[in-house]
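Notes follow the structure.
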Amino acid sequence: MDREFPTVWFERYADDAVLHCVSERQAREVLAALGDRMVEVGLQLHPDKTRIIYCRDGQRRGSSEHTAFTFLGYTFRARKNRSRHGHLFWAFDPAVSKDALKRMGRELRSWRLHTRSDLSFHELARRINPVVAGWINYYGRYRPWELDGFLMRINAYLVRWIRQKYKRLAAKRKAIAKMQEIAKRYPRMFAHWRLTTSAVLV
């Protein structure tokens, strides 16, 4: 790339890469050259993953077979944004991918938080905060509100934990009220409570 296409920006992580071309013609030229280069060194581009993406947004309004891609757990596609003056516009932006949300969901289920009535609320927080904080710090870098639904699932498990541990709070309404009371008193107890106030609602 440095030798043949010095003006084309690109990012690479392990064997995945994203190249930024200014036109479809340039993209096809670069793709053909990369394919030839891979053959020269005994490799080949992945036939399913390698594709030309049209970065559609408010300025680029054409059509194409592929208008989105996923890279490092983020899906890049056209998304609605709001300007500082309150105007809506379309931009080609990243946000946490569906596959990343599924992976996090599987790990969350594996913790079986609602069954750990042997632990205190503080102990639960100490166990999950390092992982949850890592998810937030990484996937919340862009459009953090896209994580709200997932974070509310964590709260749903915490409500189930309260109902299981305290019989006087077995009613869901009472358990939700208790969790919101704790969140208001200790807003930093759980890592995900600091992201957005709406995340403590269930």
Side-chain angles (χ1 to χ4, degrees), residues 1 5 8-31 34-35 38 43-84 86-111 128-157 190-202:
M1 291 301 297
F5 302 98
V8 176
W9 291 14
F10 72 97
E11 294 83 34
R12 181 182 68 85
Y13 181 82
D15 60 348
D16 287 332
V18 176
L19 293 81
H20 305 267
C21 298
V22 297
S23 67
E24 182 179 356
R25 180 178 178 179
Q26 184 186 54
R28 294 193 180 282
E29 180 184 352
V30 172
L31 180 58
L34 282 176
M38 291 295 104
L43 300 172
Q44 66 174 357
L45 298 173
H46 196 290
D48 298 324
K49 290 184 178 180
T50 307
R51 61 188 61 179
I52 295 174
I53 308 297
Y54 180 63
C55 302
R56 187 174 184 179
D57 60 15
Q59 303 296 319
R60 298 178 289 255
R61 301 182 181 182
S63 59
S64 177
E65 180 182 1
H66 303 295
T67 56
F69 69 93
T70 298
F71 183 62
L72 301 183
Y74 277 93
T75 295
F76 293 73
R77 63 174 177 82
R79 301 176 189 276
K80 282 185 179 180
N81 283 271
R82 190 180 296 275
S83 72
R84 71 177 92 181
H87 302 302
L88 290 175
F89 67 96
W90 288 92
F92 194 80
D93 281 346
V96 60
S97 70
K98 290 182 179 179
D99 285 343
L101 287 171
K102 288 179 181 178
R103 286 195 299 271
M104 290 187 288
R106 284 196 296 269
E107 183 162 354
L108 174 61
R109 286 195 302 274
S110 74
W111 294 343
I128 74 171
N129 275 349
V131 177
V132 175
W135 288 336
I136 292 172
N137 290 338
Y138 184 77
Y139 293 110
R141 183 72 175 82
Y142 302 98
R143 301 176 69 89
W145 57 90
E146 302 278 357
L147 292 171
D148 283 1
F150 172 72
L151 300 181
M152 290 173 71
R153 287 179 58 193
I154 300 178
N155 285 331
Y157 276 105
F190 284 90
H192 65 288
W193 284 355
R194 65 178 169 80
L195 184 65
T196 170
T197 54
S198 65
V200 301
L201 304 177
V202 178

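When reading the values below, keep in mind they use all heavy atoms of this one structure, side chains included, and skip hydrogens, waters and symmetry mates.
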Please report the closest heavy-atom contact between [X] and [Y], naming both atoms and the distance.
X	Y	value
Ala95	Glu146	CB-CG, 3.8 Å
Asn129	Ala191	OD1-N, 2.8 Å
Phe5	Glu29	CE2-OE2, 3.9 Å
Gln26	Ser23	N-OG, 3.1 Å
Ala17	Phe71	N-CE1, 4.1 Å
Phe10	Met1	CE2-CB, 3.5 Å

How far does [atom1] of [X] sit from [atom2] of [Y], to the nearest 0.5 angstrom?
X	Y	atom1	atom2	value
Arg79	Asp57	CZ	CG	13.0 Å
Ile53	Thr67	CD1	OG1	7.5 Å
His46	Met38	NE2	CE	14.0 Å
Arg77	Thr70	CZ	OG1	10.0 Å
Tyr74	Arg143	OH	CZ	11.5 Å
Trp90	Arg60	CH2	CZ	14.0 Å

> Under 6.0 Å from the CZ atom of Arg141, do we count more than 12 heavy atoms belonging to anything else shown?
Replying inline: no
>> Looking at Trp9, I'd like to know if its CH2 atom is crowded, meaning that more than 12 non-hydrogen atoms belonging to other residues, nucleotides or ligands lie closer than 6.0 Å.
In response: no
> Just by modelled atom types, is the Ala14 backbone N or O under 3.5 Å from a matching donor or acceptor in the Arg12 side chain?
Replying inline: yes
> Can you list the steps and then say if Thr50 with Leu31 is a side-chain contact (heavy atoms from CB on, under 4.5 Å)?
Replying inline: CA-CA 9 Å; Thr50 307; Leu31 180 58; 3.4 Å; yes
>> Please verify the inter-ring angle class for Trp111 with Trp135; under 30° counts as parallel, over 60° as perpendicular, anything in between as tilted.
In response: parallel
> What do the steps show when you test Tyr139 against Leu101 for side-chain contact (heavy atoms from CB on, under 4.5 Å), and what is the final call?
Replying inline: CA-CA 9 Å; Tyr139 293 110; Leu101 287 171; over 6 Å; no
> For the side chain to side chain contact (heavy atoms under 4.5 Å, CB included) test, which of Val132, Leu108, Ile136 pairs with Phe150?
Replying inline: Leu108
>> Could you go through Arg109 and Tyr157, starting from their C-alpha distance and side-chain angles, then the distance that decides it, and tell me whether this counts as side-chain contact (heavy atoms from CB on, under 4.5 Å)?
In response: CA-CA 9 Å; Arg109 286 195 302 274; Tyr157 276 105; 3.2 Å; yes
> salt bridge (charged side-chain N to carboxylate O under 4.0 Å, His left out) between Glu107 and Arg103: does it pass, once the steps are laid out?
Replying inline: CA-CA 6 Å; Glu107 183 162 354; Arg103 286 195 299 271; over 6 Å; no
> Can you check whether Leu147 reaches Met104 side chain to side chain, under 4.5 Å on heavy atoms?
Replying inline: yes
> Any side-chain heavy atom of Tyr142 sitting closer than 4.5 Å to one from Asp93?
Replying inline: no
>> Please tell me whether Tyr54 and Phe92 form a close aromatic pair, meaning their ring centres lie under 6.0 Å apart.
In response: no
> Given the rule in the side-chain contact (heavy atoms from CB on, under 4.5 Å) test, do Thr75 and Lys98 qualify, once you have shown the distances and angles that lead to the verdict?
Replying inline: CA-CA 8 Å; Thr75 295; Lys98 290 182 179 179; over 6 Å; no
